[in-house]
**Q** 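Okay, handing you the structure first.
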2 protein chains.
Amino acid sequence: MPTSRRKSAPARAPVKSGSPAVTTALQRSPWRASRERLRDRQIKREAVIRAAAHAFNHKGYHNTSLDDIAAALEVSKPTVYYYVTNKEQLLFECFVAGIEPIRTAFRKARKLKANGRERLKAVLGHYGQAVASEFGWCMVRAEDQDLSPSMSAHIKSLKSEIDQGIRRLLREGMQDGSIHPCDPKMTAFALAGALNWIAHWYRENQSMTGAEIAAAFIAVFENGLSPRALAEAGRRSGGAPTA
Amino acid sequence: MPTSRRKSAPARAPVKSGSPAVTTALQRSPWRASRERLRDRQIKREAVIRAAAHAFNHKGYHNTSLDDIAAALEVSKPTVYYYVTNKEQLLFECFVAGIEPIRTAFRKARKLKANGRERLKAVLGHYGQAVASEFGWCMVRAEDQDLSPSMSAHIKSLKSEIDQGIRRLLREGMQDGSIHPCDPKMTAFALAGALNWIAHWYRENQSMTGAEIAAAFIAVFENGLSPRALAEAGRRSGGAPTA
DNA sequence: CCTGTATCATACTCGCCGGTAGCCATCCTA
DNA sequence: TAGGATGGCTACCGGCGAGTATGATACAGG
């Protein structure tokens, strides 16, 4: 009976995590071949997403057809559809792949033993690198209007998580005296905006690496435009300034 | 002979300039009626562009059809095409309308009698307001990929003009001692990026006006994250800090 | 009243592109 | 070696949307 066979496609796994615990145990199982095929499938799936990110980077989401992506992979369009359900999901996966390193940066910063400003700097450094990565464009430019309500909500919540994380670090830094008093909301917007915008002017084969750009930006944020006394400008670790 | 009649459409005038010197003289010309029609045409044309900007704001460029814009104006699609040649030009005009106030801000700042930081602040204030304006989204999001090479080049040059203007003000401020030493290129990117990003989260009917947002951002840039000595934080006009 | 021009609508063309139907090859498993 | 699962292809559909052909109306000038 020729009913739909395509339903049997295995559910998606998180795009970027490198096969967490599945391949470690049961090395000589009789299903080894099947497991290897599954792993192959993940590799191919990631290649599809990577190709999509690359195409979106260069031509934009709407100017990229799935035929383009298929051609870049030297396969046909239905093959792409074998790995993802639709174009929208491609954008979504690229977004997630881009934002994931930022989330882990927050987790790592949390267990860092330093003042708020240093922790914030650590996060912003990873943030900048993520924006300059191959998924940066997709992460930054994924728009509500191009996504279904459910995915849009998902993305919104992830973005909000990042935003709240920055605000929290700002507040903590202000409490421990390592950050100049400011409005956390506006400051977080300014910081994230400056870093997000990297995706607009940064394309591969640039002279600076993502890390270098992030470092340069952080220096700007840290010092501000107004001139500082020399002693203060050279200071590294912050305590309460005068109080 | 039914050849193309549409060629007779009058050439476009700069979108936003308010009928510069045409209506001042020759008030009783016999072509008064014809001149009035021309003025009407300009008004309608601007309405079309404004409607396009509004639609692009809400749904994005690619998700907006010219039927949408026509419907918003309660006219039909050919009417829209009577005032603009194609969709691309609509985006371009929106971009120009958005960026023009920034250019005038630079011109005004140039004849301002103040140090570099103050002049930069004045420009950034107008910059922020422009980004938060009805054309802000179009100005910020107009992408090369959606435009023909010639228009893309035009937009690129306008953007570059703004960028170079910011860098120049930074250098001037560093020379007169009102701005902390920094890399002008990276700092300009950071400033412009933060302000550009306003277009992503700012939608009308927000609690803050564009001017308020710009002021808040400028305060962030000016102070920086590192804490400042109280005397320094309160300082207003800058001279050389300690040298 | 006649003619040209400005303005706008109805009703189309047409290409692109997201997504699918159906078929074929291969390979693992029993 | 049969038979199912897996992975891939060619060929198509359907709709959306940019842009247009054609003609109707309004009005100005002679």
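Each chain gets a letter, A, B and so on, in the order the sequences are listed, and its residues count up from 1.
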**Q** For L66(A) and dG19(C), give me the distance from atom CG to atom P, rounded to whole Å.
**A** 7 Å
**Q** Reckon R41(B) has a side-chain N or O less than 4.0 Å from the OP1 or OP2 of dT7(C)?
**A** yes
**Q** Starting from C1' on dT7(C), measure out to CD on Q42(B) and report it in whole angstrom.
**A** 15 Å
**Q** Please tell me if S76(B) has a side-chain N or O lying less than 4.0 Å from either OP1 or OP2 of dT10(C).
**A** no
**Q** May I ask you to verify if any side-chain N or O of Y81(A) is less than 4.0 angstrom from the OP1 or OP2 atom of dG19(C)?
**A** yes
**Q** Find out whether the Lys NZ or Arg CZ of R167(A) is both under 6.0 angstrom from the six-membered ring centre of F189(A) and within 45° of the ring's axis.
**A** yes
**Q** For the side chain of S65(A), counting heavy atoms from C-beta on, which of dC9(D), dC17(C), dG17(D) is nearest?
**A** dC17(C)
**Q** I want to check a possible cation-pi pair here: K121(B) against F221(B), using under 6.0 Å from ring centre and within 45° of the ring axis as the test.
**A** no
**Q** Between dG17(D) atom C1' and E88(B) atom CD, what is the distance in whole Å?
**A** 16 Å
**Q** Is K77(B) side chain donor-acceptor paired with the dA18(D) base, going by distance under 3.5 Å alone?
**A** yes
**Q** Nearest of dG19(C), dC9(D), dT20(D) to any side-chain atom of P78(A)?
**A** dC9(D)
**Q** Is the shortest side-chain N/O distance from Y83(B) to OP1 or OP2 of dC8(C) below 4.0 Å?
**A** yes
**Q** Could you tell me how far apart K87(B) (NZ) and dT20(D) (P) are, to the nearest whole angstrom?
**A** 15 Å
**Q** Round to the nearest Å and state the distance from N86(B) atom CG to dG17(D) atom C1'.
**A** 14 Å
**Q** Can you tell me the distance, in whole Å, between the OH atom of Y82(A) and the C1' atom of dT10(D)?
**A** 18 Å
**Q** Below the 4.0 Å mark, does dC8(C) have OP1 or OP2 next to a side-chain nitrogen or oxygen of K44(B)?
**A** yes
**Q** Counting any heavy atom closer than 4.0 Å, what does T85(A) reach on the DNA or RNA strands: base, sugar-phosphate only, or nothing?
**A** nothing
**Q** Can you tell me the distance, in whole Å, between the CG atom of D67(B) and the P atom of dG15(D)?
**A** 17 Å
